[in-house]
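No hydrogens, no waters, no symmetry mates; every other heavy atom, side chains included, goes into these values.
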Amino acid sequence: HVTNFLDLCTLLFYKYSSHPPISIHNQNTRRFYSILSVICFSCYYRPISVFVAMSLLTDLVNLNLSETTDKIIAEYIWVGGSGMDMRSKARTLPGPVSDPSELPKWNYDGSSTGQAPGEDSEVILYPQAIFKDPFRGGNNILVMCDAYTPAGEPIPTNKRHAAAKVFSHPDVVAEVPWYGIEQEYTLLQKDVKWPVGWPIGGFPGPQGPYYCSVGADKSFGRDIVDAHYKACLYAGITISGINGEVMPGQWEFQVGPAVGISAGDEIWVARYILERITEVAGVVVSFDPKPIPGDWNGAGAHCNYSTKSMREDGGYEIIKKAIDKLGMRHKEHIAAYGEGNERRLTGHHETADINTFLWGVANRGASIRVGRDTEKEGKGYFEDRRPASNMDPYIVTSMIAETTILWKP
């Protein structure tokens with residue numbers, strides 16, 4: 001017999017927690033606070049049936065399908081017409097799937113994504129990589145796809161197709177290229193497009209206390225970041241770490257080491273998962289390389305790279321030769337490393353000037369940085385610090401491999 005707000009809170013407390021809710025990591029406690037938050041933001045006099053309906057909706061969203069059916073849900077994901085927007089839609093499959101070759105191709109309306117004209121709008125999705133679905137759980141999956149015309153030609157925004165050709169070249173396959181990509185991004189308040197934790201229309205204190213920081217006055221959005229971290233691990237992405245960045249409201253996650261084309265697949269799906277989580281949280285994720293003008297760090301996607309020859313004894317000489325080749329094609333790489341990068345690569349805020357190519361050991365103001373351990377051991381990897389946060393990972397990873405392995409000056 002629920003008669004008022006207090007009675008409802010008490011009922012929910014005893015339903016979802018047999019003891020005081022002291023840990024937010026307890027599933028029942030999180031559920032209690034989630035429902036209580038909805039109530040607190042709702043009108044006191046709304047009918048109790050509304051709150052019961054919200055609880056029922058949560059239950060339905062979290063249904064475990066494997067208890068009643070072998071059918072699964074596959075969320076097909078692809079890159080949209082801007083080259084940065086992500087699109088997805090779901091379909092039902094008769095049972096669990098473990099390999100992309102078992103999945104059917106699918107089509108979508110390319111005229112609604114800026115990828116085909118209205119009079120010939122059909123675009124075909126080719127499944128390429130499978131990940132576990134952290135949102136639906138169970139045997140449900142996320143499917144990274146690339147897009148083709150009905151005749152089988154890759155559409156212009158399909159950058160995976162060309163990258164796959166590079167990574168399937170025998171010389172590249174033999175070198176087993178490893179990538180570790182440091183994806184930076186900025187969390188923005190939804191309605192004002194201003195970084196989380198910043199006063200609306202104003203600025204926080206200068207940079208310095210925010211990098212890898214803790215505390216409510218320095219670290220903003222950690223719950224989103226940790227949710228993304230765990231969701232990526234659940235999905236099977238080789239996410240290797242996270243950290244708060246120099247500008248408040250800016251974060252980074254790292255993916256790798258990943259081999260060849262899988263690095264691009266994993267970055268795109270990790271971005272998709274981040275977009276989905278921020279959608280739920282009611283904030284906006286920005287991959288703009290310089291979201292706030294002025295004395296604030298930009299956002300990049302540093303690409304750590306090595307080949308089999310670089311990782312073996314004598315590899316430091318191979319690394320230096322590869323860096324020389326990258327220097328010779330500096331302009332071509334810069335042109336492909338993301339839009340708006342000129343606003344970020346200024347020679348300040350831990351970057352080299354966009355028109356200058358230089359490399360150094362432990363130099364974060366260089367185009368290419370070599371680690372102290374690599375220099376000491378005479379083998380290892382290097383870091384290309386030029387890619388912007390909005391770069392296409394298929395383009396960047398394949399271009400580095402093509403320049404350092406296949407290109408003959």
Side-chain angles (χ1 to χ4, degrees), residues 59-80 85-110 113 115 122-155 157-165 167-168 173 179 227-240 255-277 279-280 392-394 397:
D59 289 342
L60 290 172
V61 168
N62 294 324
L63 276 178
N64 182 0
L65 297 180
S66 62
E67 295 177 353
T68 58
T69 180
D70 291 331
K71 293 179 180 180
I72 68 163
I73 301 171
E75 189 80 26
Y76 279 43
I77 303 166
W78 71 96
V79 181
D85 62 311
M86 302 204 71
R87 310 289 180 126
S88 74
K89 62 176 184 172
R91 67 181 301 164
T92 304
L93 299 176
V97 176
S98 59
D99 190 273
S101 63
E102 302 172 33
L103 291 167
K105 295 174 184 176
W106 204 8
N107 66 73
Y108 68 92
D109 173 16
T113 62
Q115 294 172 295
E122 191 168 288
V123 180
I124 312 300
L125 293 171
Y126 287 31
Q128 300 291 359
I130 291 176
F131 300 85
K132 293 177 65 178
D133 187 340
F135 303 102
R136 295 187 175 106
N139 292 319
N140 303 300
I141 56 176
L142 303 178
V143 184
M144 188 63 206
C145 306
D146 57 355
Y148 295 79
T149 68
E153 296 296 321
I155 66 173
T157 52
N158 178 356
K159 307 304 180 184
R160 191 187 192 281
H161 180 78
K165 286 185 176 181
F167 287 119
S168 63
V173 172
Y179 297 90
H228 177 251
Y229 195 175
K230 292 179 180 179
C232 285
L233 286 172
Y234 178 93
I237 293 169
T238 54
I239 187 169
S240 49
V255 167
V259 179
I261 196 72
S262 66
D265 291 334
E266 293 190 24
I267 282 289
W268 275 119
V269 175
R271 286 174 174 175
Y272 173 83
I273 292 172
L274 181 58
E275 292 271 16
R276 288 280 303 274
I277 290 172
E279 173 188 318
V280 173
D392 188 315
Y394 294 134
T397 55

**Student:** For Y148 and E153, run side chain to side chain contact (heavy atoms under 4.5 Å, CB included): C-alpha distance rounded to whole Å, both residues' side-chain angles, the deciding distance at 0.1 Å, then the answer.
**Tutor:** CA-CA 5 Å; Y148 295 79; E153 296 296 321; 5.8 Å; no

**Student:** Under 3.5 Å, side chain of Y76 to main-chain N/O of R91, donor-acceptor pair present?
**Tutor:**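 Side chain of Y76 to backbone of R91, a donor-acceptor pair under 3.5 Å: no, none is there.
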
**Student:** Hey, what do you get for NZ (K159) to OG1 (T397), rounding to the nearest 0.5 Å?
**Tutor:**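 Nearest 0.5 Å value for the NZ-OG1 distance: 13.5 Å.
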
**Student:** Closest approach of V173 and F167, non-hydrogen atoms and distance?
**Tutor:** CG2-O, 3.3 Å

**Student:** Between atom CD1 of I141 and atom OG of S98, what is the distance when rounded to the nearest 0.5 Å?
**Tutor:**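 Between atom CD1 of I141 and atom OG of S98 there are 9.0 Å.
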
**Student:** Hey, mind stepping through R271 and L274 against side chain to side chain contact (heavy atoms under 4.5 Å, CB included) and telling me if it holds?
**Tutor:** CA-CA 5 Å; R271 286 174 174 175; L274 181 58; 5.6 Å; no

**Student:** Kindly state whether the ring of W78 and the ring of Y108 have centres lying under 6.0 angstrom apart.
**Tutor:** yes

**Student:** Determine the minimum heavy-atom distance between P393 and I267, stating which atoms define it.
**Tutor:**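 In this case the closest contact between P393 and I267 is CG-CG2, 3.7 Å.
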
**Student:** Measure across C145 and P127 and return the closest heavy-atom pair with its distance rounded to 0.1 Å.
**Tutor:** SG-CA, 3.9 Å

**Student:** Tell me if a side-chain donor or acceptor on T69 pairs with a main-chain N or O of L65 at a distance below 3.5 Å.
**Tutor:** no

**Student:** Run the side chain to side chain contact (heavy atoms under 4.5 Å, CB included) check on V97 and L93 step by step: do they pass?
**Tutor:** CA-CA 9 Å; V97 176; L93 299 176; 4.0 Å; yes

**Student:** Counting neighbours of CG on N107 that are heavy atoms of other residues, nucleotides or ligands and sit closer than 6.0 Å, is the number greater than 12?
**Tutor:**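 Counting neighbours around CG of N107, more than 12 heavy atoms of other residues, nucleotides or ligands fall under 6.0 Å, so yes.
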
**Student:** What are the two closest heavy atoms between V123 and Q115, and how far apart are they?
**Tutor:**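 Between these two residues, the closest heavy atoms are CG2-O, 4.3 Å.
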
**Student:** Got a sec: does the NZ of K71 have more than 12 other heavy atoms crowding it under 6.0 Å?
**Tutor:**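 No, the 6.0 Å shell around NZ holds no more than 12 heavy atoms from other groups.
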
**Student:** I need the minimum non-hydrogen distance between W268 and D392, along with the two atoms involved.
**Tutor:** NE1-OD1, 3.5 Å

**Student:** If you apply the rule side chain to side chain contact (heavy atoms under 4.5 Å, CB included), what do you find for M144 with V79, and how did you get there?
**Tutor:** CA-CA 9 Å; M144 188 63 206; V79 181; 4.1 Å; yes

**Student:** Using the salt bridge (Lys or Arg N to Asp or Glu O under 4.0 Å) rule, collect all pairs that involve residues 122-149, keeping only residues at least two apart or in two chains.
**Tutor:**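 For residues 122-149, and leaving out neighbouring residues, the salt bridge (Lys or Arg N to Asp or Glu O under 4.0 Å) pairs sorted by first residue read E75-R136, D133-R136.
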
**Student:** Can you tell if the side chain of I77 reaches within under 4.5 Å of the side chain of L142, non-hydrogen atoms only?
**Tutor:**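 They are in contact (side-chain heavy atoms under 4.5 Å apart), so the answer is yes.
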
**Student:** Check A231 against I273 and note the closest heavy-atom contact, atom names and distance.
**Tutor:** CB-CG2, 3.7 Å

**Student:** Side chains of T157 and T113: does their closest heavy-atom pair fall under 4.5 Å?
**Tutor:** no

**Student:** Is the backbone of G138 close enough, under 3.5 Å, to the side chain of S66 for a donor and an acceptor to pair up by distance?
**Tutor:**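 Absent.
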
**Student:** Using modelled atom types only, decide if a donor and an acceptor are shared between the side chain of S168 and the backbone of A164 within a distance under 3.5 Å.
**Tutor:**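 Between the backbone of A164 and the side chain of S168 there is a qualifying donor-acceptor contact (under 3.5 Å).
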
**Student:** What about the rings of H161 and Y394, do their centers lie closer together than 6.0 Å?
**Tutor:**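 H161 vs Y394: aromatic centres not under 6.0 Å.
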
**Student:** Are any side-chain N or O atoms of N158 and backbone N or O atoms of I155, one a donor and one an acceptor, separated by less than 3.5 Å?
**Tutor:**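 Side chain of N158 to backbone of I155: no pair is present.
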
**Student:** What's the spacing between L125 CG and W106 CH2 if we round to 0.5 Å?
**Tutor:**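 CH2 of W106 is found 8.0 Å from CG of L125.
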
**Student:** With K105 as the cation and Y126 as the aromatic partner, state whether NZ or CZ is under 6.0 Å from the six-membered ring centre and within 45° of the axis.
**Tutor:** yes

**Student:** Rounded to the nearest 0.5 Å, how far does CZ of R160 lie from CG of D265?
**Tutor:** 4.0 Å

**Student:** With a 3.5 Å cut-off and no angle check, do the side chains of S88 and Y272 form a donor-acceptor pair?
**Tutor:** yes

